[in-house]
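Below is one structure; the comments refer to it alone.
Chain letters run A, B, ... following the sequence lines, proteins first and then strands; every chain starts at 1.
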Amino acid sequence: MSVIATVTEKNTASLEGKAQMDKSSAFDMQSHADMKAYETIGKPFVKNSKMSARNVNVFYGEKQAILDVSLDIGRNEVLAMIGPSGCGKSTFLRTLNRMNDIIPICEVRGEITLDGEDIYESDQDTVMLRARVGMVFQKPNPFPKSIYENVAYGPRIHGLAHSTAEMDEIVESSLRRAGLFEEVKDQLDKPGTGLSGGQQQRLCIARAIAVSPEVILMDEPCSALDPIATARIEELIDELKENYTIAIVTHSMQQAARVSQRTAYFHLGKLIEVGDTKEIFTMPRHQLTENYITGRFG
Amino acid sequence: MNSMNESSRSSTTIAIQASLKKRYARERRFQWYGRIAVLTGFVFLFILLADIVVKGTPAFTQHFIKLDIDFNAQEMGVGQTPSTGELAAADYSAVVKSSLREMFPDAKGRSEKKALYRLISIRAEYTLRDMVLENPALIGTRAEVWLLAHSEAGSYLKGQVDPATPESDRRVKDMQIAWLDTLAQAGRTESRFNTTFFLSGDSREPELAGIKAALYGSFYTLLVTFCLAFPIGVMAAIYLEEFAPRNRLTDLIEININNLAAVPSIVFGLLGLAVFINFFELPRSAPLVGGIVLSLMTLPTIIITSRAAIQAVSPSIHEAALGVGASKLQTVFHHVLPVAMPGVLTGSIIGMAQALGETAPLLMIGMVAFIMDVPAGVTDPSTVLPVQIYLWADSPERGFTEKTSAAIMVLMAFLILMNGLAVYLRKRFELK
């Protein structure tokens with residue numbers, strides 16, 4: 001089973017949770033009980049963390065998708081999360097801005113903080129949280145509206161622009177930072193859905209950064225794109241990390257190696273190993289990590 | 001390629017070829033079944049439409065008869081210089097009758113005279129009155145006036161009566177036929193477009209009956225229905241689809257909505273009678289109650305179709321909106337609903353079209369009354385188009401048969417219009 005080649009992995013986290021259970025028999029490396037007791041290898045914690053997760057467990061009904069994961073995301077760093085399909089990396093990503101809330105059967109236990117504040121506190125507002133922690137999805141999903149409206153929507157609902165000129169400026173700078181402005185400046189009133197896949201994804205990134213988030217979560221942002229579009233997005237991620245903290249889920253090992261400073265390897269809902277990207281790819285300490293990054297899986 | 005491989009390949013080819021014929025034959029047969037089914041449907045639709053059109057078209061014309069009216073003051077029972085009040089109350093039928101007698105002196109007996117008078121509609125009196133009231137100088141003069149023919153005379157003039165049938169089997173008698181032929185030969189008959197049909201309410205006289213009152217009644221009823229059913233239905237659908245927790249209660253609600261959609265419409269009429277008229281004492285026969293009852297009937301349709309439309313909106317749009325920090329309400333109203341709108345509108349308009357054609361529940365709340373006046377509001381007694389059709393279909397007069405079909409044509413025109421609107425709106429919203 002070639003995991004690396006899997007591009008069409010199901011986006012929905014519930015399916016991922018399901019797949020995790022279905023596949024557990026395929027991996028006979030360790031039993032489930034062993035997994036629970038397993039301690040993450042490497043350096044899950046950093047000094048100056050933007051977001052940190054402590055003992056996070058995620059359940060879809062009866063099934064557990066994330067087992068006791070503790071992980072920090074450092075300020076202005078790019079953290080890559082890799083692992084085979086159904087390992088829970090997308091699920092974990094989605095807990096970071098409470099995107100899992102929209103799945104009724106999903107339950108998150110443990111503590112996740114953003115700048116020291118628990119985002120699962122009952123008085124924590126999800127609207128506020130998602131404005132601070134933006135998200136780019138696997139499949140480009142621009143609104144069926146004009147390019148301008150796609151970018152302007154977030155600032156508008158949050159009341160970030162006080163005049164049309166200000167809004168124009170936000171739209172332009174967001175599109176510029178997403179590296180899309182030059183391509184679309186003459187067709188801002190055309191529907192965003194009419195762009196090519198790579199352009200759509202950059203539009204989605206522009207939309208996400210238009211509300212000036214502090215953290216951007218990216219769920220396999222390039223899995224639906226061709227290599228050229230992928231290269232553009234990767235360049236963009238590199239530029240964005242100056243201003244934002246980025247967590248990216250990816251199936252491409254090369255991509256993780258190229259864009260990230262730290263890499264976390266997930267397996268069957270467990271965080272197996274985490275560390276500096278260079279070390280993970282050159283000297284993986286855990287057998288599972290090594291198997292995965294050398295493509296020796298299944 | 002060795003020979004064994006080749007032989008096994010050719011045997012596969014033979015097997016496939018053998019089955020291929022069968023497979024294609026099956027496909028062709030299935031296609032023919034489909035064509036026959038579609039054709040059958042079309043044939044029946046065509047027969048139905050043709051029947052209605054053939055029967056209804058004559059209703060759009062009306063015959064007029066030209067008479068020489070002698071505005072004789074004495075005959076009208078007024079003085080030489082009558083006041084307006086006197087003129088309004090004058091006996092205009094007398095001058096019509098004398099004019100007819102003058103023209104056909106062969107009508108001798110009482111029943112023959114009566115038959116003669118029946119050539120002209122009772123509308124003639126009012127036509128003449130209006131003429132005289134407008135121009136009192138007509139008194140004492142002679143004028144040629146076109147007067148509306150009686151529906152029976154009209155049906156002969158339209159060629160709907162076959163003179164070859166035995167006299168006892170038809171309403172238009174031999175003498176009348178002779179008179180009408182004489183009039184026609186003298187160029188004293190004329191066929192005109194039937195404006196009465198669109199400009200007046202119901203009447204006992206077929207030639208005077210129109211659909212205006214029913215059209216207005218239908219309009220007010222649908223207005224009430226739309227104002228109630230559309231917002232309530234769409235809101236309910238949004239709530240159930242986007243906000244309601246998935247639990248037993250919402251399951252129960254869903255099952256009940258689905259069941260409600262299958263409840264016979266007359267039951268809603270009974271409910272309207274018991275609740276709105278008897279308990280809340282809302283006016284009987286009024287579009288208000290009719291509209292409420294019909295909105296209850298169309299609500300399930302609107303809710304079900306709207307829910308389906310909302311459900312069909314891609315979850316990625318949800319995620320996108322939530323991802324930039326839109327609240328649930330903003331997500332629904334800014335993104336989900338606009339995308340779902342074509343479906344919601346189509347469902348609503350189809351629901352409204354259902355309501356437009358509904359008769360049974362309205363019978364229960366008294367909208368089947370004989371109403372001549374055009375309703376001025378939602379609380380005035382009125383009837384609606386399908387009920388008017390039902391009433392006319394029930395009438396024994398020959399003249400109402402064509403009216404029935406004509407009213408059906410009008411109703412169907414509105415239904416086609418509404419469905420066309422649904423298609424148009426869907427296309428428009430889809431383009432955006």
Would you find a donor on one side and an acceptor on the other, under 3.5 Å apart, between the side chain of [X] and the backbone of [Y]?
X: A/Asn76; Y: A/Glu242; value: yes
X: A/Asn97; Y: A/Arg130; value: no
X: A/Gln200; Y: A/Leu195; value: yes

So which residues of residues 334-345 of chain B are in contact with chain A at a heavy-atom cut-off of under 4.5 Å?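 The list, in residue order, reads B/His334, B/His335, B/Val339.
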Could you tell me if [Y] and [X] have a donor-acceptor pair between their side chains, going purely by distance under 3.5 Å?
X: A/Thr95; Y: A/Tyr120; value: no
X: A/Arg177; Y: A/Tyr244; value: yes
X: A/Thr250; Y: A/Gln255; value: yes

Top contributor to chain B contacts, counting heavy-atom pairs under 4.5 Å, from A/Met99, A/Arg132, A/Met135, A/Met128: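 Sorted descending by pairs with chain B, the first entry is A/Met99.
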Under 4.5 Å heavy-atom distance to chain B, tell me which part of A/Val211 shows up: side chain, backbone, both or neither. side chain
Give, as side chain, backbone, both or neither, the part of A/Ile157 having an atom under 4.5 angstrom from any heavy atom of chain B.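 Contact with chain B: backbone and side chain both.
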Think A/Arg207 forms a cation-pi with A/Phe143, using NZ or CZ under 6.0 Å from the six-ring centre and within 45 degrees of its axis? yes
